[in-house]
Amino acid sequence: MNKHVKISAENVSKEFIQKGTQRVPVLKDISLQVFDQELLVVLGPGQSGKTTLLRIIAGLEKPTQGRITLDGEEIRGPGPDRGLVFQSYMLFPWKTVEANVRLGLEMAQVPKEKHAETVRHYLDLVGLNGFEKYYPHQLSGGMKQRVGIARAFSTQPKVMLMDEPFGQLDAQTRLFMERETERIWLSDKRTTIFITNNIDEALLLGDRIVTLEGKLPGRMKKSYEVNLPRPRDPMDMEFLKLRHTITSEQELTL
Amino acid sequence: MSKSTHDVSNEVVVRTIVRKRLTLRSLVREEKFLYVVSLVVFFTIWHLAATRGNGDSALVTPWATLQGLYDMMSSPLGGETLVGHTWNSLRRVLIGFSIAVCFGIPLGLLLGISETASAILRPLVDVFRPMPPLAWISLSILWFGIGEEPKIFIIFLASFIPSVLNAYNGVRLIEPELYDVVRVMGGSRWDEIKQVVVPASMPAISAGLQLSITSAWMGVLAAELVSSNSGLGYIIILGMQNSDPQMVLGGMVMIAAVAWVLTASMEKIDMMLCPWRREIKGL
Ligand SMILES: Nc1ncnc2c1ncn2[C@@H]1O[C@H](COP(=O)(O)OP(=O)(O)OP(=O)(O)O)[C@@H](O)[C@H]1O
Ligand SMILES: [Mg+2]
């Protein structure tokens with residue numbers, strides 16, 4: 001496997017100032033490497049700074065200390081080379097499915113003739129052809145997040161950042177979307193950072209899992225290689241063993 | 001069309017559910033029936049009230065009101081028919097309202113977007129906001145005389161504040177993460193305004209338009225009641241001076257009718273401005 005480092009975080013810490021004066025440390029000394037074509041899962045409990053970490057990588061927040069590089073260059077702000085899938089979808093309710101996906105193309109000043117084709121390509125990829133003219137409020141949660149994924153893909157980012165994308169879905173749809181994510185990821189091996197608080201989701205998807213400690217500020221705890229063949233079976237012995245290891249080590253910190 | 005596996009989880013929320021329609025429809029029928037009953041009772045009471053007494057009552061029957069309306073449409077009053085007077089009022093409203101909206105909405109958006117603009121202009125808005133537009137009538141006549149200008153000025157004032165405030169609140173209620181969507185894609189500040197600020201505040205802006213047009217219509221009548229020689233407000237005053245209840249009631253009916261048309265048009269405009277809400281509203 002190609003071990004080219006795509007994203008590298010070096011001692012990243014983040015403090016927020018709340019209520020004017022109160023300093024809240026949210027991330028502490030995060031060092032992390034994401035390799036090219038890797039699907040890295042960041043596993044952490046609720047309120048452990050997961051979203052903040054992803055937003056720093058996206059360039060939407062600045063780290064208080066440390067730095068993050070993408071292909072060796074320091075990240076200084078947001079840009080279309082990183083696609084972000086939001087925890088709460090963040091579709092534009094005034095735009096149709098098609099127009100939501102087209103948004104990135106309009107801003108990247110892709111020539112108009114190419115829009116239709118690109119939009120169709122990514123809607124196909126997420127299995128939404130036939131729903132181009134629907135508005136977000138007409139879609140189920142799983143479909144909304146597919147639009148979110150297609151939209152993030154449309155600018156052809158170097159890395160995909162997915163923030164608990166299926167946290168709001170029911171168990172069945174969630175499992176289905178996880179399979180879909182695996183299928184899409186296998187189809188072009190786009191480097192992906194996938195955030196979750198769900199251990200099964202982490203084990204189904206990750207090439208590697210890094211865990212965040214439970215209390216603020218979030219710290220990196222451990223890293224696990226998941227060397228199981230895909231598609232993975234949650235009832236498989238190896239799967240369950242690793243699940244047990246991670247759960248018990250995770251619980252120690254709580 | 002081929003059914004691939006992933007079509008399975010594509011459930012679409014379609015709002016017109018057949019099962020619901022049946023109960024809904026019968027409900028609507030029932031409501032319509034009650035609606036008609038209510039109106040019939042109202043007009044009967046009106047009629048009885050008007051025919052009681054010695055015929056010198058200040059109230060005329062619904063039928064006489066309709067006749068009065070017809071007469072005023074065919075024979076001119078103060079140089080114009082009722083249609084002409086209606087148009088005079090309406091024209092003033094449309095001019096004042098358009099000016100107010102053209103300045104008010106951009107100003108409201110600006111206040112919402114820019115902290116500096118808000119810091120400078122909000123105090124002014126706050127000073128003028130509680131002042132009822134009608135309080136300006138005397139001043140505006142002093143400033144502008146008795147022509148069209150004072151009336152248009154009153155209408156402008158009446159519709160300006162709701163336009164500003166609704167646009168402003170529309171911007172302030174925008175979910176901040178929506179901006180992040182644009183920023184992550186490499187969009188500029190201008191993209192944020194074009195792609196998020198304007199469309200996301202459109203429902204609030206549209207609600208502001210409805211408020212503005214209603215208050216503009218009240219404004220024009222008040223201005224015409226005070227000083228005018230044309231318009232629906234003038235008709236009512238003329239009827240009062242001539243002790244002609246037919247004329248007053250006819251004018252009132254026309255005022256209500258125009259108000260209804262204005263409100264209905266604004267709802268149409270709302271549908272055009274916010275097409276994505278069509279189904280949501282039907283819920
Ligand atoms: N912009 C901000 N300003 C101030 N404080 C913030 C900001 N963003 C996050 N925080 C603080 O950081 C904490 C952790 O936030 P974050 O959303 O990163 O955690 P999370 O692990 O993604 O949580 P969740 O499981 O709920 O998604 C929050 O509780 C909040 O107090
Ligand atoms: Mg989060």
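- When all heavy atoms are compared, the tightest approach of B:D180 to A:R55 is OD2-NH1, 2.8 Å.
- You'll find the side chain of A:T96 stays beyond 4.5 Å of the side chain of B:W276, heavy atoms only.
- Interface residue A:L91: only backbone heavy atoms are found under 4.5 Å from chain B.
- Counting heavy atoms of neighbouring residues, nucleotides and ligands inside a 6.0 Å radius, atom CD of A:E74 exceeds 12 of them.
- Highest contact tally toward chain A, considering only B:P199, B:S188, B:G187, is held by B:P199 [criterion: heavy-atom pairs under 4.5 Å].
- Contacts of A:R151 with chain B are made by both backbone and side-chain atoms, with heavy-atom separations under 4.5 Å.
- Judged by distance alone, the side chain of A:H137 and the main-chain N or O of B:R277 form no donor-acceptor pair under 3.5 Å.
- Atom CD of B:E175 sits about 10.0 Å away from atom CZ of A:F86, to the nearest 0.5 Å.
- When all heavy atoms of A:W94 and B:V196 are compared, the pair lying nearest together is CZ2-CA, 4.0 Å.
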Please evaluate residues B:M185 and A:E106 with respect to the criterion side chain to side chain contact (heavy atoms under 4.5 Å, CB included), reporting the C-alpha separation (whole Å), side-chain torsions for both, the decisive distance (0.1 Å), and the verdict.
CA-CA 10 Å; B:M185 290 170 165; A:E106 281 166 11; over 6 Å; no
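- When side chains are defined from C-beta on, A:Y89 does not count as touching B:V181, because their heavy atoms never get closer than 4.5 Å.
- Heavy atoms closer than 4.5 Å to chain B are found nowhere in A:Q172, neither backbone nor side chain.
- Atom CZ of B:R91 has more than 12 heavy atoms from other residues, nucleotides or ligands within 6.0 Å.
- Residues of residues 77-85 of chain A lying under 4.5 angstrom from chain B, judged on non-hydrogen atoms, are A:P78, A:G79, A:P80, A:R82, A:L84 by number.
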